[in-house]
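Following: one structure in structure tokens, then a few remarks.
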Amino acid sequence: MAAATTVTGLAAAGVLSGAGTAAAEGTPQRQGGATATINGLKTYGEAVIHGDGGDQRVSAGLFEMSVDGGGTLQTYCVDLHNPTQRDARYQETAWSGTSLGTNKGAGRIRWILQHSYPQVNDLAALARRAGTRGLTEQDAAAGTQVAIWRYSDGAEVDAVDPQAEKLADYLEKNARGISEPQASLTLDPPAVSGRPGDLLGPVTVHTNAGAVTVSPPAGAAAAGVRITDKTGKGITSAKNGTRLYFDVPADAADGTAELTVQASTTVPVGRAFASESRSQTQVLAGSSESTVSASVTAGWAAEGAVAAVSARKNCAEGGVDIVVADKGDKPFTFELMGVEHTIPAGASRTVTVPLQEDQAYDFTITGPHGFSHRFTGVMDCRTQGAVTTETAQLRSEPSPATVGAVTADTTDLAATGGSAITPLIAGVAIGLVVIGGTVLVVLRRKETTPGA
């Protein structure tokens, strides 16, 4: 379960409370990090996309986001052929949950972000490096976005302004691969389970913040449950690498609890931000001090199976991984989309549900004693999907806007796509993939010992 971090779009963790009890439904749990609302395209110029349908002018530049709890983010788009929706909510996401996860140029995109505007805000120095006469903020933003699109989407795109185009060419030519940045804050794994009287965990904190606040666990059954280190000493503050445990009283009734940790930090440049509304995927160019948080669910039972369930989007495999670990003394059997799976006591396994690009999914894991947990989202792993799902926030036929026409008051904040590039199919509601009446589920066995 070491890699079982959750991804935006998933109601991602649940715990089976054990024999003789009904399991909690599981509160929606995100991957962790920053959650933000997009405010619009704030600093931008013009670009021309060359395609089979002809040339198309679009706005290109920096977006701004407001972080829940405080803070501001600046981002560029890495999803040229999809619109950005007004007031879309975004979640900090690992590259593996976006198109960057399978993009060989993702590391070069991060290099561009680190070596251009706004990270380099000395525009005179940036202009000298690019061999231009000078750069305005609009030129710098447009040139940077164009260079990113050439790697993120493989697009044939040029900046309209000659100085911005020189910057784009300089950045594209000099970009070098850099590894994915660390998450601002995550907890791994996102769900744990065990017996009352034991320490449930460990849950490892991953963060770039200097200090993380550990709040008391919440939930109807959380009375008497403490968060400790491996020696049983209570913890109220943590840092990167800290291992947390749920100390559950031996006489506690079967139940579940949720732990939330929070910090204030600058989100690392290059972190991806994805939206459940099919709004354009973004990549971070700059961050103020911002509020970040993450959660983990714990469950315990005195006897029988006691399983922890989590989910993650797996773009490399083209599906959603359901990770199930049984810390009990009996096998845990659950049903997923008509297929029954049994996890031996003390083992963990990953079930991958294959999905098509742009496919909306909504499925529920059911098990004994009333266990039920639901997972929902949209499979959004490519920069140019075959279809578009219709939601309250998504217009099916965005049209390109000329420079100056893109404002925070429009439905599509960034007009970086349209019928001239990507004909979008409107009003399509995508169900789950059915092959011969049975869903294909790929089972990867990952067995661990009870003490693992």
Validation: residues 243-250 side-chain donor-acceptor distances under 3.5 Å, sequence neighbours left out:
unit_1: D247; atom_1: OD2; unit_2: R226; atom_2: NH2; d: 3.0

How close do [X] and [Y] get, counting heavy atoms only, and between which atoms?
X    : Y    : result
F332 : A307 : CD2-CB, 3.4 Å
A175 : I112 : CB-CG1, 4.0 Å
A298 : L200 : CB-CD2, 4.3 Å
A209 : A263 : CB-CB, 3.7 Å
V67  : T291 : CG1-O, 3.4 Å
L185 : A294 : CD2-N, 3.9 Å

Close side-chain approach of [X] to [Y], heavy-atom, < 4.5 Å:
X    : Y    : answer
L113 : Y76  : yes
I38  : T84  : yes
V324 : V351 : no
S310 : P190 : yes
V323 : V309 : no
Q119 : V269 : yes
I178 : Q114 : yes
D188 : V203 : no

Value rounded to 0.5 Å, distance of [atom1] in [X] from [atom2] in [Y]:
X    : Y    : atom1 : atom2 : value
F334 : T342 : CZ    : OG1   : 8.5 Å
L80  : R150 : CG    : CZ    : 12.0 Å
T333 : I343 : OG1   : CD1   : 8.5 Å
L100 : Y151 : CG    : OH    : 14.0 Å
H206 : T242 : NE2   : OG1   : 10.5 Å
E317 : L355 : CD    : CG    : 12.5 Å

Just by distance, do the side chain of [X] and the backbone of [Y] share a donor-acceptor pair under 3.5 Å?
X    : Y    : value
S193 : W300 : no
T98  : W95  : yes
R195 : A301 : yes
S184 : V267 : no
D321 : T352 : no
S287 : T266 : no
Q145 : C77  : yes

>> Please determine whether side-chain hydrogen bond (donor to acceptor under 3.5 Å, both in side chains) holds for the pair E289 and S264, giving the CA-CA distance in whole Å, both sets of side-chain angles, and the decisive distance to 0.1 Å.
In response: CA-CA 6 Å; E289 192 79 4; S264 181; 3.2 Å; yes
> When you look at L62 and L41, which way does the side chain to side chain contact (heavy atoms under 4.5 Å, CB included) test go after all the steps?
Replying inline: CA-CA 6 Å; L62 269 175; L41 192 60; 5.7 Å; no
>> Exactly one of T75, L73, T93 should register a side chain to side chain contact (heavy atoms under 4.5 Å, CB included) with Q282. Which one does?
In response: T75
>> Checking side chain to side chain contact (heavy atoms under 4.5 Å, CB included) between L259 and each of V225, V296, V192, which is the one that passes?
In response: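 Option passing the side chain to side chain contact (heavy atoms under 4.5 Å, CB included) with L259: V296.
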>> Quick one, T213 with V261, criterion side chain to side chain contact (heavy atoms under 4.5 Å, CB included). Give me CA distance, side-chain angles, the key distance, then yes/no.
In response: CA-CA 6 Å; T213 301; V261 300; over 6 Å; no
>> Applying side-chain hydrogen bond (donor to acceptor under 3.5 Å, both in side chains) to S215 and T260, what does each step give before you reach the verdict?
In response: CA-CA 6 Å; S215 301; T260 297; over 6 Å; no
>> Using salt bridge (Lys or Arg N to Asp or Glu O under 4.0 Å), reason through R349 and D326 one step at a time and then give a plain yes or no.
In response: CA-CA 9 Å; R349 290 182 181 172; D326 182 6; over 6 Å; no
>> Run the side chain to side chain contact (heavy atoms under 4.5 Å, CB included) test on E92 and T35 for me, step by step, so that the C-alpha distance in whole Å, both residues' side-chain angles and the decisive distance to 0.1 Å come before the verdict.
In response: CA-CA 6 Å; E92 183 182 340; T35 302; over 6 Å; no
> Can you list the steps and then say if M65 with Y90 is a side chain to side chain contact (heavy atoms under 4.5 Å, CB included)?
Replying inline: CA-CA 9 Å; M65 293 188 186; Y90 281 79; 3.6 Å; yes
>> Once salt bridge (Lys or Arg N to Asp or Glu O under 4.0 Å) is applied, do any residues pair with R110, and if so which ones, sequence neighbours excluded?
In response: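 If we apply the salt bridge (Lys or Arg N to Asp or Glu O under 4.0 Å) test to R110, skipping adjacent residues, there are no hits.
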> Mind checking what makes salt bridge (Lys or Arg N to Asp or Glu O under 4.0 Å) contact with E64, not counting sequence neighbours?
Replying inline: none
> Does the side-chain hydrogen bond (donor to acceptor under 3.5 Å, both in side chains) test come out yes or no for S277 and S279, once each step is laid out?
Replying inline: CA-CA 5 Å; S277 65; S279 189; 4.7 Å; no
Assess whether a salt bridge exists between [X] and [Y], defined as any Lys/Arg side-chain N lying under 4.0 Å from an Asp/Glu carboxylate O.
X    : Y    : value
K327 : D198 : no
E180 : R271 : yes
D68  : R89  : yes

>> So if I apply the side-chain hydrogen bond (donor to acceptor under 3.5 Å, both in side chains) rule between Q182 and each of N240, N208, T207, which one comes out positive?
In response: N240
